[in-house]
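In the text below, chain A, chain B and the rest are named by the order of the sequence lines, each starting its count at 1. All values below were derived from every heavy atom in this structure, side-chain atoms included, with hydrogens, water molecules and symmetry-related copies excluded.
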Amino acid sequence: MEESESASDKPRPWQSYHTVYTNAKAGMDGVDKEQVQRVVYEMSKGSKYFENEERKEAFIRQKIEHMRARAAKLSAADLSHYQKVADKRILELESTRDLSRIWLHVDMDAFYAAVETLSNPSLKGKPMAVGSMSMISTANYEARKFGVRAAMPGFIARKLCPDLIFVPTDFKKYTYYSDLTRKVFWDYDPNFMAASLDEAYLDISKVCEERSITGAEIAEELRSRVHEETGLTCSAGVAPNRLLAKVCSDINKPNGQFVLPNDRMAVMTFISSLPFRKIGGIGKVTENILKGVFGISTCEEMLQKGSFLCALFSHSSADFFLSVGLGLGGTDTPEARFRKSISSERTFSATEDAALLYQKLADIAEMLSADMQKEGLSGRTLTLKLKTASFEVRTRAVTLQKYISSSDDILKHASNLLKAELPISLRLIGLRVSHFNEDKRGVPGDPTQKTLTTFLISGDPSRRTGDDQRSLGSDLSDLHFISEKETAMSLDNNETCHHEFRDPFERKHLSDIDDKNCISSINAFEMEKIDELSSNKTAAMVNTADVKERTTRSPKRDLSRVSEDDSSIQREPEDSNPDRLNKEPITSGNEEFFSLNQMEMLFWVDDYKCSLCGAELPSSFVEERQEHSDFHLAERLQKEESGTGSSSLIPRLRIVPKDYSGSQNRRKKHKSSLKQGMHLPIDSFFTKKSSWQL
DNA sequence: CGTTACTCT
DNA sequence: TTAAAGAGTAACG
């Protein structure tokens, strides 16, 4: 499966460029992986995207180095302690094992491509991809033979397969067929969990019992019924939990199935040799880290390294890893889930023309607002997402006191956020609204569906169990299609609701852990808790006043009217004596900051502890103290300001240098590099939080 | 609360 | 020429 590097002395630069496409998937059997790698590398080399990938990879390498160092520093006593912690957790997790349910994961085969072929049979047998020259959503099996894969840009795919046919995406079509499949699913489990347009989880325990037939038989029947109804093939996995079922559905894809019996030995055998990369929730980065730090790659090895995992990772991450090692995950009954955010983003050719950027922003605001209206949503938190010309991603958010949904409101606040970033060269702008009004959150639009919808959703008693994780991505956004759909048959109403259920496995928290277990284990971890500030504080945020004056006034004044006046507001004074805040609470010769006067005194008790929150930060940590003060400051401002509606001050407080277009190196990434360079005596012993997942 | 990173389709 | 869009969670400041 894995690309095996044959030892040789010839330089092979392409082998070091690891893309996601190296992840061996179904239909990639006869592919010359090295050839594909080489082409991808050649096409990528030198691009902005590529450079960004390299930066990210370098960053991960550092993270790995850091963790290895910490692992090496663990004393024998530490290890024996963490071994106990791990053993205990393993026992606790094991006690939650539930083999009483039978879960089925259905996964449509090359869904988008298959649908497109249905509507245009002339595509049959030819290599085809759904997507564009920029990005491919999915490819049919003919195309996969050439190494063409989902998430691969089209121009690279065309290089791999010159005859590749491109078909644009058409979500309405996919939603229609998705609905057909879901009708079938409904017959087997009216509470099925849709994970996306083309995937779902069904608890078939009941059907199996009622009809006294096996999971395998149900799977066969369901698959053949799906085929009858849609003309599409799918694959299925049957297992005692969702995590395993998902893995199983991939085994005999396409048009196949795999059953893992509800037997502990069977599960352990299955899991033991399984590469953990196959597990949902473990992606490229986690794989690299676990491989790089511990040299492991199978689920079984996770258990063997239990002590290290507990020592180096957060409680919830360690728990997840251990449960993967045990083959646990996702046996609970689905609950109603609500959408938590809604967003819209667009990529365009990079520009630094502020007027153009504001125009794009207005377009996005418009689209987002429209989507929100369709679902009757309104929210209090607005997040602006930016991708610079060099592919660096940033987000900027405000939380307001009012719920907003109109494009005017969205645009007004979004403009303020954007303004603070100018000048900047961008290739993507996105907006997201979250923090919904509880009353009208989530329930999909159509009032005629309301009775059924509310009925089903109200079955959301057990809100506990933070058992989720998996995104379900694309399909929620398509809910409105369903309700709008002319054809919408009555049954669909039910299904519409189910689309709200989600989330395949429980990753970070095992929902079925009972409280006692949780508590005891938490205690085990809590003991190690130490001052995280000192271990995690990052160094050196340059306090350069970003001098980029907005010489570039937006022509679209009206968009930014609210903050118009604050062009007079000064930013952090250039001098910025780092200790300024330590001496006295921000006097600032700046009236605009009047609110700061209301901030309680921040000083360092015994020159060590923060008077506001008790964080311990030795006086030598100058930069960290500055940052810490700014943290309280921002917190303060934010509180006072979220009421006024004008939030333009906050972004202005950032001390980090912004970067623009090309030079995005500095900040973020360096944060951690710096951190790793820092001398942190205690943390190597006690830290439970690692630099992991920075 | 705000920001970033990771993951999935 | 050309590397998406939408969503969720964890972790940290």
Side-chain angles (χ1 to χ4, degrees), chain A residues 19-20 40 43-44 47-50 52-53 56 59-60 63 107 111-112 131-138 150-156 158 169 171 195-199 246 280-286 289 313-317 320 337 339-347 349 371 380-381 383 385 387 391-399 427-428 430 432 434-435 466 468-478 502-504 507-509 532-533 535-538 613 615 624 627-628 630-632 634-635 638-639 642 650-651 654 656 667-669 671-672 689-694:
Chain A
T19 65
V20 286
V40 170
M43 299 292 292
S44 303
S47 69
K48 287 277 179 19
Y49 175 83
F50 180 85
N52 190 248
E53 288 301 297
K56 289 198 289 188
F59 176 56
I60 292 171
K63 202 148 81 172
D107 191 340
F111 185 54
Y112 298 173
S132 69
M133 232 30 172
S134 300
M135 186 52 61
I136 285 176
S137 289
T138 190
M152 176 182 279
F155 67 94
I156 293 181
R158 189 181 53 182
T169 55
F171 279 94
S196 66
L197 283 182
D198 74 319
E199 280 183 43
K246 163 105 179 158
I282 298 187
K284 190 180 85 165
V285 173
T286 307
I289 290 176
F313 291 96
S314 72
H315 186 183
S316 67
S317 292
F320 171 61
R337 292 280 160 164
R339 178 207 278 282
K340 296 194 172 66
S341 71
I342 184 169
S343 66
S344 182
E345 68 187 55
R346 285 297 175 269
T347 294
S349 54
D371 288 349
R380 290 176 54 208
T381 299
T383 305
K385 175 179 171 181
K387 195 188 285 179
F391 288 85
E392 188 207 356
V393 175
R394 299 182 197 173
T395 62
R396 299 292 180 250
V398 259
T399 298
R427 73 186 328 275
L428 172 145
R432 168 178 301 223
S434 52
H435 215 127
D468 55 346
Q469 140 211 359
R470 228 9 4 100
S471 67
L472 81 110
S474 43
D475 72 324
L476 277 190
S477 51
D478 301 301
R502 53 185 53 195
D503 166 53
R507 154 154 97 163
K508 297 301 179 185
H509 312 291
E532 296 168 14
L533 281 167
S535 64
N536 285 317
K537 267 308 180 180
T538 74
C613 71
E624 288 78 359
E627 200 184 330
H628 187 82
D630 287 328
F631 166 62
H632 282 301
E635 190 177 49
Q638 183 187 304
K639 269 184 201 145
S642 55
I650 298 172
R654 289 176 214 301
V656 278
R667 77 163 309 191
K668 235 28 320 149
K669 317 211 148 155
K671 232 172 136 172
S672 30
K689 318 241 174 198
S690 56
S691 61
W692 156 251
Q693 289 220 341
L694 258 187

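Within the nucleic acid shown, A:E53 has no heavy atom closer than 4.0 Å to any nucleic acid atom. Nucleic acid contact for A:K387: sugar-phosphate only, since backbone atoms but no base atoms lie under 4.0 Å from a heavy atom of the residue. Among the heavy atoms of the strands lying under 4.0 Å from A:S344 are primed sugar atoms or P, OP1, OP2 only; no base atom is included.
Closest to the side chain of A:V285, from the set C:dA10, C:dA4, B:dT7, is B:dT7. Side-chain proximity of A:E345 to the nucleotides B:dG2, C:dA5, C:dA3 is greatest for C:dA5. When distances are taken from the side chain of A:S134 to each of C:dT2, B:dG2, C:dA7, the shortest belongs to C:dT2. Of the candidates B:dT9, B:dC6, C:dA5, B:dT9 carries the atom nearest the A:K246 side chain, counting heavy atoms from C-beta on. Checking C:dA3, C:dA7, B:dT3 against the side-chain heavy atoms of A:F391 singles out C:dA3 as nearest.
We find the CD1-OG1 distance between A:I136 and A:T169 to be 12.0 Å, quoted to the nearest 0.5 Å. A distance of 12.5 Å separates NE2 in A:H435 from OG in A:S341, rounded to the nearest 0.5 Å. We find the CZ-OG1 distance between A:R427 and A:T347 to be 6.0 Å, quoted to the nearest 0.5 Å. To the nearest 0.5 angstrom, A:K387 atom NZ is 13.5 Å from A:T395 atom OG1. To the nearest 0.5 Å, atom CG of residue A:L197 and atom CZ of residue A:F171 are 7.0 Å apart.
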query: Is there a side chain to side chain contact (heavy atoms under 4.5 Å, CB included) between A:I289 and A:F313 once you walk through the steps?
result: CA-CA 11 Å; A:I289 290 176; A:F313 291 96; 4.3 Å; yes

Verdict with supporting geometry, A:V285 and A:K56, side chain to side chain contact (heavy atoms under 4.5 Å, CB included): CA-CA 10 Å; A:V285 173; A:K56 289 198 289 188; over 6 Å; no

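The distance between atom CZ of A:F171 and atom P of B:dT9, rounded to the nearest whole Å, is 14 Å. Atom-to-atom, CG of A:L197 to P of C:dA5 comes out at 17 Å; the value is rounded to the nearest Å. Between A:R432 atom CZ and C:dA7 atom P there is a gap of 6 Å when expressed in whole angstrom units. Between A:M43 atom CE and C:dT1 atom C1' the separation is 11 Å, expressed in whole Å. Distance A:E392 CD to B:dT3 C1': 12 Å, rounded to the nearest Å. Put simply, CD1 on A:I136 is 15 Å from P on C:dA5, counting in whole angstrom units. Counting to the nearest Å, the P atom of C:dT9 and the CD1 atom of A:I282 are 18 Å from each other. Atom P of nucleotide B:dA5 and atom NZ of A:K385 are separated by 12 Å, given to the nearest angstrom.
Between A:V393 and A:A151, the residue anchored nearer the 5' end of DNA chain B, judged by the nucleotide with its closest heavy atom, is A:V393. Position along DNA chain C of the nearest nucleotide to A:I156 versus A:I342 favours A:I156 as the more 5'-ward residue. Sequence order on DNA chain C of the closest nucleotides to A:R346 and A:R427 puts A:R427 first from the 5' end.
A sub-4.0 Å separation between OP1 or OP2 of B:dG2 and a side-chain N or O of A:T383 is absent. In terms of phosphate contacts, A:K56 brings no side-chain nitrogen or oxygen within less than 4.0 Å of OP1 or OP2 of B:dT4. Phosphate contact (OP1/OP2 of B:dC6, side-chain N/O of A:T286, threshold under 4.0 Å): absent. Residue A:K340 places at least one side-chain N or O closer than 4.0 Å to OP1 or OP2 of C:dT9. Here A:R396 reaches the OP1 or OP2 of B:dT4: one of its side-chain N or O atoms lies under 4.0 Å away. Residue A:S341 has a polar side-chain atom (N or O) positioned under 4.0 Å from OP1 or OP2 of C:dG8. Phosphate contact (OP1/OP2 of B:dC1, side-chain N/O of A:H435, threshold under 4.0 Å): present. The phosphate of B:dT4 (OP1 or OP2) has a side-chain N or O of A:T395 nearer than 4.0 angstrom.
Going from the C1' atom of B:dT7 to that of C:dA4 covers 15 Å, rounded to whole Å.
For C:dA4, its base never sits under 3.5 Å from the side chain of A:S137 at any donor and acceptor pair.
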